[in-house]
Each structure stands twice: as C-alpha cells, then as structure tokens.
Amino acid sequence: MKPILLYWRNKRTSLTLGLDAELVVDQVTNPSKVPVILEELGLPYETTWVELDDLKKQPFESINPNGRLPDKEHKLTYTSSPEKYFLQQWSYFQASGQGPYFGQCAWFTLFHPEKLESAQTRYANELKRIVGVLDRTLKGQEWLVGDKSTYADLAFVMWNAQIDSIMKGHDWNIAEYPNFRRWQETMLARDSLKKVMSVLMDKEVQSPGRV
C-alpha cells in the first residue's frame, strides 16, 4: 500500500518566564491526532513539513480555506446503535468543548501579550469543567463508549497531554480526577501514542504500517 502523505506541523515553543526560567510548550495537538489514528489502524504514512505561513497560501487554502492542517474493520468505531451516535456526541464535545476551551486557556495563560486575569480564570475553570465531565462519565467504565478505545477517546488525548503546561500558575491537581487520569494514562501507554509522542520533535516522520 502506498504511504499516506501527511502535511506535518509540530512546532515546540519555549517561553521565557523570567529569572532564566523557560517553559516548553508543545503546539502539536491537532496535527498529531492524524498519525495516532493511522498508527492504530496500522496504515503506512510519511510526512512533509509545512511552514505555518504557507498554510495560508495556495495550494493549501484550496484544500482548507480556514488555513489549517487537514476503518474498514471498525477497529476504532462502532456501527451498532446507540454506540455510533454516542461516538458522534463525544466527537462534537471534543470539537466544541475541549479544543476551544483548552486552546483559549493556553492562549491567555501562555501567549497573550498582556495579562488578563479574568480571561485566564474563565478558561482555566472551563478546562476543569471539561475534565470534570469526562471524569464523571468514566466512573465505572474504561472508555467513553462501549468496551474498546475508539476515535472518540483518541480525539481528546493530545490536548489532555498539554494540561500541565497550560495550567501553570492555576489551581490544578489531576489527582482530583482519578477516572480521567487513569483513562489518559491508559491511552498514552498504547503503542500508537508511544510512537507519535516519540517523534513530535521530528520534521520527517514515516511508518511502514502493518497492512
């Protein structure tokens, strides 16, 4: 099978905090979701590096006007009802809840040029609310839907991995969310996540797949 070509953007940023301290922040949450899924499915792929400014130009804008990086065996999904609808529900929750709120928390905590305490507090609280919803859902169950890891679970994992960086200076204790913590640690222990997390700093990434 011919490798799937991924346009790869995996920049890591160092922020100077003063007193010779630096905070390293991974900015790879969305692009890195794709190789995670491909690793899970055993599909071959290779990457080509894309500079951030180039995403706002042709030919990329003709593919995605917003200027962003764009299962045959049902390994990561369900075709049965109601499971397939629950998967959609959690996918929407990730896209409309986790992604935006975690992103805004990161922006106002780490990158905004002026300190806006009200914005920082608002989005830190929203991050904890999202984690709380997930923690309560995962009480007594291993995965969000059914009895296996699905694309719904894996959609959350990369943003979850950024929480300690995002919540620097905020009131955050992951021990207060034991079900969430167990779920995240279980996902990070999967071979697909180990592989992707190990190559986040690489410009060129490839996998021969298993099919």
Side-chain angles (χ1 to χ4, degrees), residues 4 6 8-13 24-43 45 47 68-71 74-78 83 86-106 110 123-124 126-168 172-202 205 207:
I4 298 168
L6 303 180
W8 182 241
R9 181 69 198 175
N10 58 341
K11 184 177 180 181
R12 175 174 284 188
T13 298
V24 177
V25 181
D26 294 317
Q27 295 181 287
V28 294
T29 49
N30 291 322
S32 53
K33 293 177 186 178
V34 180
V36 168
I37 295 297
L38 296 179
E39 287 286 345
E40 287 281 343
L41 297 176
L43 297 175
Y45 65 88
T47 66
R68 298 292 187 269
L69 290 166
D71 183 13
H74 309 298
K75 181 180 179 182
L76 298 176
T77 188
Y78 284 97
E83 289 83 3
F86 289 151
L87 289 178
Q88 292 178 12
Q89 169 187 295
W90 284 111
S91 180
Y92 292 142
F93 182 69
Q94 191 283 321
S96 64
Q98 188 212 36
Y101 287 126
F102 281 38
Q104 290 299 312
C105 185
L110 302 174
Y123 289 112
E126 286 298 316
L127 184 150
K128 289 190 285 187
R129 180 183 67 82
I130 296 294
V131 171
V133 169
L134 293 164
D135 186 70
R136 291 190 297 274
T137 299
L138 291 161
K139 184 177 181 178
Q141 63 189 67
E142 189 172 2
W143 306 108
L144 291 176
V145 179
D147 59 359
K148 66 182 181 181
S149 175
T150 66
Y151 71 84
D153 299 286
L154 296 170
F156 286 89
V157 68
M158 300 309 293
W159 268 118
N160 290 346
Q162 305 301 314
I163 292 178
D164 287 344
S165 295
I166 294 171
M167 293 294 280
K168 290 286 186 182
W172 167 251
N173 182 4
I174 195 172
E176 296 177 3
Y177 309 94
N179 307 305
F180 173 86
R181 183 179 191 174
R182 182 264 310 157
W183 173 63
Q184 175 69 1
E185 290 177 350
T186 300
M187 288 192 288
L188 288 175
R190 296 175 73 86
D191 289 341
S192 62
L193 266 299
K194 289 179 181 178
K195 166 67 181 294
V196 173
M197 297 297 283
S198 72
V199 299
L200 289 182
M201 292 299 293
D202 298 345
V205 181
S207 173

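Quick note: numbers below take in every heavy atom, side chains included, and nothing from hydrogens, waters or symmetry partners. Everything numeric in this text was worked out from a predicted model, so none of it was measured.
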Problem - Glu142 and Arg182 ion-paired at < 4.0 Å - result: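 Answer for the salt bridge query: no.
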With rounding to the nearest 0.5 angstrom, report the [atom1] to [atom2] distance, [X] to [Y].
{"X": "Ser91", "Y": "Asp153", "atom1": "OG", "atom2": "CG", "answer": "11.5 Å"}
{"X": "His74", "Y": "Lys148", "atom1": "NE2", "atom2": "NZ", "answer": "8.5 Å"}
{"X": "Met187", "Y": "Ser192", "atom1": "CE", "atom2": "OG", "answer": "10.0 Å"}
{"X": "Leu76", "Y": "Leu154", "atom1": "CG", "atom2": "CG", "answer": "6.0 Å"}
{"X": "Leu43", "Y": "Leu38", "atom1": "CG", "atom2": "CG", "answer": "5.5 Å"}
{"X": "Glu83", "Y": "Thr77", "atom1": "CD", "atom2": "OG1", "answer": "10.0 Å"}

Which heavy atom of [X] sits nearest a heavy atom of [Y], and at what distance?
{"X": "Lys194", "Y": "Ala189", "answer": "CE-O, 3.2 Å"}
{"X": "Ala161", "Y": "Gln184", "answer": "N-NE2, 3.5 Å"}
{"X": "Ser149", "Y": "Arg190", "answer": "CB-NH1, 3.6 Å"}
{"X": "Leu127", "Y": "Ile163", "answer": "CD2-CG2, 4.1 Å"}
{"X": "Phe180", "Y": "Asp135", "answer": "N-OD1, 2.9 Å"}
{"X": "Phe102", "Y": "Val131", "answer": "CZ-CG2, 4.0 Å"}

Problem - Tyr151 six-ring face occupied by Lys75 cation (under 6.0 Å, within 45°) - result: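 No - Lys75 does not lie over the ring of Tyr151 by the 6.0 Å and 45° rule.
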Problem - Residue pair Tyr101, Ile130: steps toward the side chain to side chain contact (heavy atoms under 4.5 Å, CB included) verdict - result: CA-CA 8 Å; Tyr101 287 126; Ile130 296 294; 4.3 Å; yes
Handout entry: Given Phe93, Phe86, Trp183, the one that forms side-chain contact (heavy atoms from CB on, under 4.5 Å) with Leu144
Key =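 In the set Phe93, Phe86, Trp183, the residue that makes a side-chain contact (heavy atoms from CB on, under 4.5 Å) with Leu144 is Trp183.
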Practice task
Look at the aromatic rings of Trp90 and Phe156 and report parallel, tilted or perpendicular, splitting at 30° and 60°.
Solution key: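 Aromatic pair Trp90/Phe156 classed perpendicular.
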Handout entry: side chain to side chain contact (heavy atoms under 4.5 Å, CB included) evaluation trace for Asn160 with Gln98
Key = CA-CA 9 Å; Asn160 290 346; Gln98 188 212 36; 2.9 Å; yes
Practice task
Evaluate the side chain to side chain donor-acceptor pair (under 3.5 Å) criterion for residues Asp147 and Gln141: first the C-alpha distance (whole Å), next the side-chain angles of each, then the deciding distance (0.1 Å), finally the verdict.
Solution key: CA-CA 8 Å; Asp147 59 359; Gln141 63 189 67; over 6 Å; no
Exercise for the section: Tell me, with the steps shown, if Glu126 and Cys105 meet side chain to side chain contact (heavy atoms under 4.5 Å, CB included). Expected result: CA-CA 8 Å; Glu126 286 298 316; Cys105 185; over 6 Å; no
Handout entry: Working for side chain to side chain contact (heavy atoms under 4.5 Å, CB included), residues Tyr177 and Lys128
Key = CA-CA 9 Å; Tyr177 309 94; Lys128 289 190 285 187; 3.7 Å; yes
Practice task
Find out whether Ile166 and Tyr123 are in side-chain contact, i.e. whether some heavy atom of one side chain is under 4.5 Å from a heavy atom of the other.
Solution key: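 No. Closest side-chain heavy atoms not under 4.5 Å.
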Handout entry: Contact check, side chains of Asp191 and Glu39, non-hydrogen atoms, under 4.5 Å
Key =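 Heavy-atom side-chain distance check fails, nothing below 4.5 Å.
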